[in-house]
Trainee: 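Following this message is one structure expressed as structure tokens.
Counting begins at 1 with the first residue of the sequence. Just follow the structure's listing: the first ligand is 1, and inside any ligand the first atom is 1.
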Amino acid sequence: MSKSMGILAKLLISFLTLSAIPLIVLSYVANKNLNETGMLATRRAEEMGARNLAAAEQIGRTAIEDSVRELDAGSTEAVELRTLELAQRIADFLYERDKDILILASFVPDPEKYLEIFSLSRRDIILPEPQSSRPGEKQPPELTSGNPENQKSWRHRPPDDFARESLPLYREITFIDLEGQERIKIKDGKISEHRINAAGKEETYCKAEDYFGRLDHLRKGEIFVSRVIGPYVKGWLYTTDEGVKVREESAYAGRENPYGRRFEGIIRWVTPVFDGHDEKIGYVTFALDHKHLLEFTNHVVPSDKRFSELPDAGSGNYAFVWDDRDRSICHPREFFICGYDPETGEEVPGWVSEDTYAEYLASGLTLNEFVERLPSFRDFTQKKPGSTDQIKAGNIALDCRVLDTAPQCQGWHEGTEDGGSGSFLIYWSGLWKLTTYAAIPYYTGPYANSRRGFGYVTIGANVDEFHKAANSTRAEIEESIRLQGRDIEATAVQTRELIEQSSTRNRNILTLITIVSVAAIIVASVVISLGITRPLRRLSEVAVAMGRGDLNQTIEVKSKDEIGQLARSFNEMAAAVAEVDKMKSEFVTTASHELRTPIQAMLLGVSGILEGYSGKIDEEVREDLLLARDGIERLTRLVQDLLDLSRIEARKIELNLGRTSVAEIIDKAVEVVMELALFHDHTITRNVPPGIPKIVADKDRMIQVMVNLLSNSIKYTPDGGRIVIAVEAVENEVIFSVADNGYGIPLSAQEEVFKKFFQADSVMSQKVGGCGLGLAISRGIVEEQGGTIHCESPIPGGRFSGLPLGGERKGSVFIVRLPMDGSSGV
Ligand code: ADP
């Protein structure tokens, strides 16, 4: 700390360094740490949130995959089971027909009996319009269980509200004799006279029935069952932006072409009839209306809709039936059902690929012959397009063995080889489809040739449909994860905001505390410092005043601490010094007074003797007496000086102020010292310009001052010196200068010479007779009148004209400034 710095500044700096700076550092560090901890916490929370979210996403994905797999497996199982059961139901239905034919065969052939059976054999088919869509029909209220214990996962569906129509099972019932001639014929609900001979195909249905040729070996109870026979109905598909459409002129195709021409098919049952002697007399036959077979598949929907009144092959969810030769016999698009040309009785060949069709064109065979010879399931792939010629002709029946654009045909065929059931997935028409298959376990007559039985049922289902549940779970999980993510994000933002707010609050509090503390420290430092420095400053002022001689000083003491103690000690000391000084002054005054009278008497006595009042005195005595008179005179002056000094110190000097001419003061003073000056061969020059105004001063005392200054110049200047007295008036001051060309006064003594008893050159003083009081008294007199006195040495050359300087004669000048009106000092 700078040496020139005050205690107040030092204390302030110390206090601040020791308390405020650590406080600020502490507050900064605390704040920073708090902030960093907060940010770390937020970051950790965010990371944790992100990890949780990722985990939730992972769990969600796994759950979805698991549930999709489970649901797929479940759905696959359900569709497979449905296929199997459908196949079983068809088989059961067909077996029922076996019973019917055997019952018929047990009767003696009789048109009336046959007609009765014809009329009784009916079965409902579903009409394409639901009952609920009819006007006036009300939806029944939702059904629930009355027992709360059954309400968990309660599911209920009302019965279907399909409109139904009762349709005869059989198109015809006939009895033919052993030559094939129809003997009895029930057709269209009545006994028909239009009887034909079934021995040749010509008169049969579609000219395609060849059953008579297969009856010969039939024993009692044995049955022949034909394949599906019916005229092929053409169909045309075309593609639009919305997908594949069916032309109106095509066969019926369910929802896609509801008013199209129907495929009118039959399946013929035949069994021999015997008379009472077990003699075969003919055969009973009936033709099952193929519509009843269609009824099994046309309403199946392998989705949660389960059934529909109108089949919709375009939806991708449908059921088909294929016969034991893998030919389509039930299909919602009836132009796909294999049929015959009723003109020729020829089978309409199945649809083949463009490549295979080209092969046929090159073969030189008829298409029938070509297809007949074509190896089954050769190079099946959906990469091949279908033959456009066949498409154009509308001949697109599906015969799985040659339909080489549809690889699933081969899968179904292979899967039903052993009479079993199953499924596989196939990418078909832009969709992943589950396709199931199940052999129809009906093994009557020719159908006993393979384990495939009557043929097989296949059901196609859009895989997306089964994924619906899983997909909705996926959507729910994803939504919940999204919400959770949003929550985590929002919480993170909130947390960050809270931490920022709290950190700002903490920062503000810390800043406030720091500011208040620093302010308090500054105030406390100032108060404490002032408490210390004010008494010290007062002490120093008092000490300075005492130094100047003003001994009546006391310091007001309030505190009892060390500083109070110091002030008290100082007061005691000051009192003691003042007491001693007072005693000294009193002593000097008393002594001087007491000495003055005897000295005066001695001087009068010695002067009288020297004047000769006591008679004539010899020369030796005179010299002694002169020496004595000199001593007495010096003693008189000393006593006078001491008295003056004690009056000045006691501030008891009495001034006799009056308007005084400056020139008069100087003249008087020069007059007093002239003798002594002449004795030392000095020249005194007065430089008093005319027009110096009169001043208000004590004339005698000013003469005393000037005499004193002149006497010193005379005394301390080697003989033959020059003394200049100059006077000038500057503003409202008169400046007296007494200069000489003596040896000068060293700088260190220039202030000291005004102190009492100080003699710069004691040898000289001794010689010229002085006691170091003159200048002290002079200063006292001048200051008492409001003026100042000081000395300067050496004198710069040329300052006073007529004052030769140089070498050892440095010269000294005493300058007295007095206010003209004499007011300020009084
Ligand atoms: P003294 O009675 O000794 O003259 P003063 O108070 O008059 O006492 O002077 C004090 C001292 O100042 C002297 O002893 C002397 O040493 C010095 N002094 C005063 N005037 C002069 C001067 N004009 N030249 C040199 N010294 C001086």
Side-chain angles (χ1 to χ4, degrees), residues 549 588 592 630-631 633-649 653 666 669-670 672-674 676-677 679-686 701-726 736-784 788-796 799-800 802-816:
V588 170
S592 306
D630 271 4
E633 275 172 357
R634 274 167 64 187
L635 209 56
T636 308
R637 274 201 303 280
L638 176 63
V639 167
Q640 188 56 47
D641 281 354
L642 281 172
L643 268 173
D644 280 349
L645 190 70
S646 63
R647 278 198 202 100
I648 286 165
E649 284 180 346
I653 186 163
I666 289 168
V670 173
V672 172
V673 299
M674 198 43 128
L676 186 65
F679 179 77
H680 287 288
D681 205 13
H682 291 318
T683 314
I684 298 179
T685 311
R686 271 168 282 187
R701 288 289 185 191
M702 282 312 293
I703 293 169
Q704 185 185 347
V705 169
M706 296 313 291
V707 166
N708 206 340
L709 296 179
L710 286 169
S711 305
N712 281 349
S713 291
I714 292 164
K715 282 194 287 186
Y716 300 111
T717 303
D719 289 356
R722 287 283 182 88
I723 297 164
V724 177
I725 307 167
F736 299 84
S737 302
V738 178
D740 59 57
N741 62 348
Y743 296 132
I745 304 167
L747 189 67
S748 60
Q750 282 175 18
E751 184 54 38
E752 299 295 301
V753 294
F754 292 98
K755 291 190 175 160
K756 55 189 177 185
F757 304 117
F758 179 86
Q759 290 179 314
D761 185 346
S762 50
V763 180
M764 260 311 246
S765 298
Q766 218 62 48
K767 214 164 67 188
V768 297
C771 53
L773 290 177
L775 286 177
I777 292 165
S778 297
R779 172 169 272 187
I781 292 167
V782 170
E783 286 182 354
E784 201 61 25
T788 60
I789 178 167
H790 73 279
C791 83
E792 292 170 15
S793 177
I795 302 169
R799 179 163 167 188
F800 296 100
L803 190 69
L805 295 163
E808 287 196 309
R809 292 180 180 269
K810 296 188 176 79
S812 45
V813 53
F814 283 78
I815 299 160
V816 175

Trainee: State whether the shortest distance between N or O atoms of I745 and N or O atoms of ligand 1 falls below 3.5 angstrom.
Mentor: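 No, since none of the N or O atoms of I745 sits under 3.5 Å from an N or O of ligand 1.
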Trainee: Enumerate the atoms of ligand 1 whose separation from the nearest heavy atom of L773 is less than 4.0 angstrom.
Mentor: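 Counting from 1, the qualifying ligand atoms are 6 (O), 8 (O).
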Trainee: Between ligand 1 and V753, is the shortest N or O to N or O distance under 3.5 Å?
Mentor: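 So ligand 1 has no N or O lying under 3.5 Å from an N or O of V753.
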Trainee: Below 4.0 Å, non-hydrogen atoms only: which portion of C771 touches ligand 1? Side chain, backbone, both or neither.
Mentor: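 Backbone only.
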Trainee: For ligand 1, which atoms sit closer than 4.0 Å to a heavy atom of S713?
Mentor: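 Checking each atom against S713, I get 23 (N).
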Trainee: At less than 4.0 angstrom from any non-hydrogen atom of F758, what atoms of ligand 1 do you find?
Mentor: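 Checking each atom against F758, I get 10 (C), 11 (C).
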Trainee: So for ligand 1, is L775 a polar contact partner (N or O within less than 3.5 Å, distance only)?
Mentor: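 Indeed, backbone or side chain, L775 has an N or O that close.
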Trainee: Looking at K756 and D641, is there a salt bridge between them, counting it only when a charged N and a carboxylate O are closer than 4.0 Å?
Mentor: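 Judged by the 4.0 Å cut-off on N to carboxylate O distance, D641 and K756 do not form a salt bridge.
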Trainee: With a 4.0 Å cut-off, would you call E784 and R779 a salt bridge?
Mentor: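 No, E784 and R779 are not salt-bridged.
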Trainee: With a cut-off of 4.0 Å, which atoms of ligand 1 are near a heavy atom of S812?
Mentor: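 Under 4.0 Å from S812, ligand 1 has these atoms: 22 (C), 23 (N), 24 (N).
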Trainee: If you measure from each non-hydrogen atom of D740 to ligand 1, which part falls under 4.0 Å: side chain, backbone, both or neither?
Mentor: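 D740 to ligand 1: side-chain contact only, backbone stays beyond 4.0 Å.
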Trainee: Is the shortest N/O to N/O distance between G774 and ligand 1 below 3.5 Å?
Mentor: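 By distance alone, the answer is yes.
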Trainee: Taking only non-hydrogen atoms of G742, do any sit less than 4.0 angstrom from ligand 1?
Mentor: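 Heavy atoms of G742 never come under 4.0 Å of ligand 1.
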Trainee: At a 4.0 Å threshold, what atoms of ligand 1 neighbour a non-hydrogen atom of K715?
Mentor: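 Going through ligand 1 atom by atom, the ones under 4.0 Å from K715 are 1 (P), 2 (O), 4 (O).
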